[in-house]
Protein chains: 2
Amino acid sequence: MRVGMQSVQQTQNSPGVLNPGRTAPDALNLLEQFGRTVNVLRRREIYRLGEPTEFCWRIVAGCVRTVTLMDDGRRQVGEFLWPGDLLGMDDLGAHDSDAEAVTHVTLRRYPRRMVEALAQSHPALALRLRAMAAAKLRDVRQQMILLGRKTAREKIASFLVDMDRRSTATSCQLVELPMNRADIADHLGMSVETVSRLLAQLQHGGIVAVLRSGIELCDRVALRDLACESRH
Amino acid sequence: MRVGMQSVQQTQNSPGVLNPGRTAPDALNLLEQFGRTVNVLRRREIYRLGEPTEFCWRIVAGCVRTVTLMDDGRRQVGEFLWPGDLLGMDDLGAHDSDAEAVTHVTLRRYPRRMVEALAQSHPALALRLRAMAAAKLRDVRQQMILLGRKTAREKIASFLVDMDRRSTATSCQLVELPMNRADIADHLGMSVETVSRLLAQLQHGGIVAVLRSGIELCDRVALRDLACESRH
DNA sequence: CGTGACATTGACCAGCTTCAAAAATCGTGG
DNA sequence: CCACGATTTTTGAAGCTGGTCAATGTCACG
């Protein structure tokens with residue numbers, strides 16, 4: 001899922017049509033005065049299903065996952081969140097999933113009450129929040145066709161392409177994957193064994209190289225083809 | 001339910017409280033003066049992927065589906081929309097899916113430009129739009145665990161429970177399904193044959209009765225259990 | 001009635017899951 | 001720094017769910 005596209009340094013609001021002002025500062029910065037830095041250890045919860053939405057967070061460093069559980073333990077990882085992403089703004093009233101730190105995480109925490117109040121008085125912020133929700137809905141829709149209609153191989157390829165797109169800025173070939181195989185499996189709706197097998201298969205085909213530190217994409221074109229994504 | 005024609009003075013939505021109710025007068029009525037009634041025939045498109053988001057619509061009567069297609073024809077029905085639902089507000093800039101009339105549909109159409117302008121000047125409307133986006137995100141998250149982790153039987157049961165919940169007001173037992181089996185299959189990430197087989201199976205178990213006009217829920221408790229139970 | 005779209009049913013089997021176990025990696029303390 | 005246990009990942013084998021292909025049945029509508 002491509003939810004990590006906007007970075008902290010970003011200054012322009014996404015829908016240019018709606019905001020013709022030149023180089024307007026990110027409306028999210030309005031929140032900064034009410035922010036507090038928080039650190040969360042690996043695997044620790046950030047919030048749980050049903051908790052009142054007292055806060056929201058902006059990720060400064062690290063990786064976060066949102067998790068939905070079924071009674072019998074079946075798990076769905078909704079999304080991975082990265083530095084710059086906003087967490088906990090989607091839910092109104094009470095959180096409708098869990099959020100957990102995949103790695104050690106540094107967050108900037110804001111009271112939701114302040115966010116809502118500011119959004120009331122600052123249309124630019126309200127618009128920005130709506131734009132972020134819209135972007136998330138678009139990503140989720142892509143994830144739905146992945147979960148519902150793609151084969152295991154296509155799922156893995158799509159996932160790697162997404163992770164690559166997210167981290168184009170950092171390094172050239174290597175895609176670092178801070179989450180484990182179980183997280184990937186539960187994000188793609190498959191078993192850990194199948195994830196492992198298909199990564200091995202892609203490696204055998206010379207398309208990727210599975211390393212300890214992550215996955216090296218040797219043939220991005222082939223990977224993109226396998227992902228079956230026409231858009232972009 | 002008749003929606004949207006009356007010119008009711010809107011009341012302030014209380015901030016932070018999710019109020020997507022389709023009954024109470026709300027900020028959406030601000031749009032009414034810019035609305036125009038449109039009719040769309042069964043199976044006809046309302047908008048296509050990539051089209052600029054010139055309009056949005058409120059469904060007055062009928063059923064609408066949003067569709068995402070892959071190059072090879074694989075299809076995902078993202079959601080079904082019903083009277084009172086807002087269509088085409090999720091996308092910014094350009095639509096990122098198709099929308100088609102499942103039945104003959106009556107819509108109330110509004111220029112997006114007006115919606116955005118009104119949202120800028122009326123925080124209540126902006127808040128309402130964000131609440132609707134949030135509600136949709138919550139639903140989509142449920143759909144993701146359905147697609148990724150539920151068995152075919154659980155998918156069908158969940159779907160019927162959803163349809164039932166939506167139409168509690170209408171009749172007591174019968175759930176009308178205006179969409180065909182292919183739509184259901186593509187919504188749940190399975191094949192038409194499996195949809196048909198599992199409906200027959202539920203019928204054989206005395207839990208539902210498959211009728212021409214829809215599906216009669218004979219044992220809602222059993223169905224609700226099936227919707228979330230594990231496979232064994 | 002005849003026709004076409006849609007739904008159901010059956011037979012087969014491919015892809016993926018499950019169960020099991022080995023291999024690799026991580027973490028911790030001596 | 002190494003050894004050892006725990007966790008994670010990989011690999012193997014077997015089985016099942018659900019998909020595909022094909023045929024039949026049903027209904028709406030001219």
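Quantities reported herein were computed from a predicted structural model and do not represent experimental measurements.
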Which pairs, protein N/O on one side and nucleotides 2-12 of chain C N/O on the other, fall under 3.5 Å?
residue, atom, partner, partner atom, Å
dC6(C), OP1, R43(B), NH1, 2.5
dC6(C), OP1, R43(B), NH2, 2.9
dA7(C), OP1, R181(B), N, 3.4
dA7(C), OP2, R181(B), N, 3.1
dT8(C), OP1, R181(B), NH2, 3.2
dT8(C), OP2, R181(B), NE, 2.8
dT8(C), OP2, S196(B), OG, 2.9
dT8(C), O5', S196(B), OG, 2.9
dG10(C), N7, R197(B), NH1, 2.9

What is the minimum heavy-atom distance between C218(A) and V208(A), and which atoms define it?
SG-C, 3.8 Å
Closest heavy-atom pair and its distance - A101(B), V40(B):
CB-CG1, 3.8 Å
Could you tell me how far apart [X] ([atom1]) and [N] ([atom2]) are, to the nearest whole angstrom?
{"X": "I156(A)", "N": "dT10(D)", "atom1": "CD1", "atom2": "P", "result": "10 Å"}
{"X": "K155(B)", "N": "dT17(D)", "atom1": "NZ", "atom2": "P", "result": "14 Å"}
{"X": "L147(A)", "N": "dC16(C)", "atom1": "CG", "atom2": "C1'", "result": "15 Å"}
{"X": "L41(A)", "N": "dG27(C)", "atom1": "CG", "atom2": "P", "result": "13 Å"}
{"X": "K150(B)", "N": "dT17(D)", "atom1": "NZ", "atom2": "P", "result": "18 Å"}
{"X": "L211(A)", "N": "dT10(D)", "atom1": "CG", "atom2": "C1'", "result": "15 Å"}
{"X": "L202(A)", "N": "dT10(D)", "atom1": "CG", "atom2": "P", "result": "12 Å"}
{"X": "L198(A)", "N": "dG12(D)", "atom1": "CG", "atom2": "P", "result": "14 Å"}

Please check if atom CD in E176(B) has more than 12 non-hydrogen atoms from other residues, nucleotides or ligands closer than 6.0 Å.
no
Can we say [X] and [Y] salt-bridge, meaning some charged N sits less than 4.0 Å from an Asp/Glu carboxylate O?
{"X": "E229(A)", "Y": "K150(A)", "result": "yes"}
{"X": "D85(B)", "Y": "R58(B)", "result": "no"}
{"X": "E54(A)", "Y": "R109(A)", "result": "no"}
{"X": "R65(A)", "Y": "D98(A)", "result": "no"}

Using salt bridge (Lys or Arg N to Asp or Glu O under 4.0 Å) as the criterion, list what pairs up with E193(B), not counting sequence neighbours.
none
Tabulate protein N/O versus nucleotide N/O from nucleotides 25-30 of chain D, keeping only pairs under 3.5 Å, one per line.
none

Candidates dG19(D), dC16(C), dT17(C) - which lies nearest the side chain of A152(A)
dC16(C)
Yes or no on salt bridge (charged side-chain N to carboxylate O under 4.0 Å, His left out) for R48(B) and E51(B), after CA distance, side-chain angles and deciding distance?
CA-CA 6 Å; R48(B) 288 274 173 238; E51(B) 281 182 13; over 6 Å; no
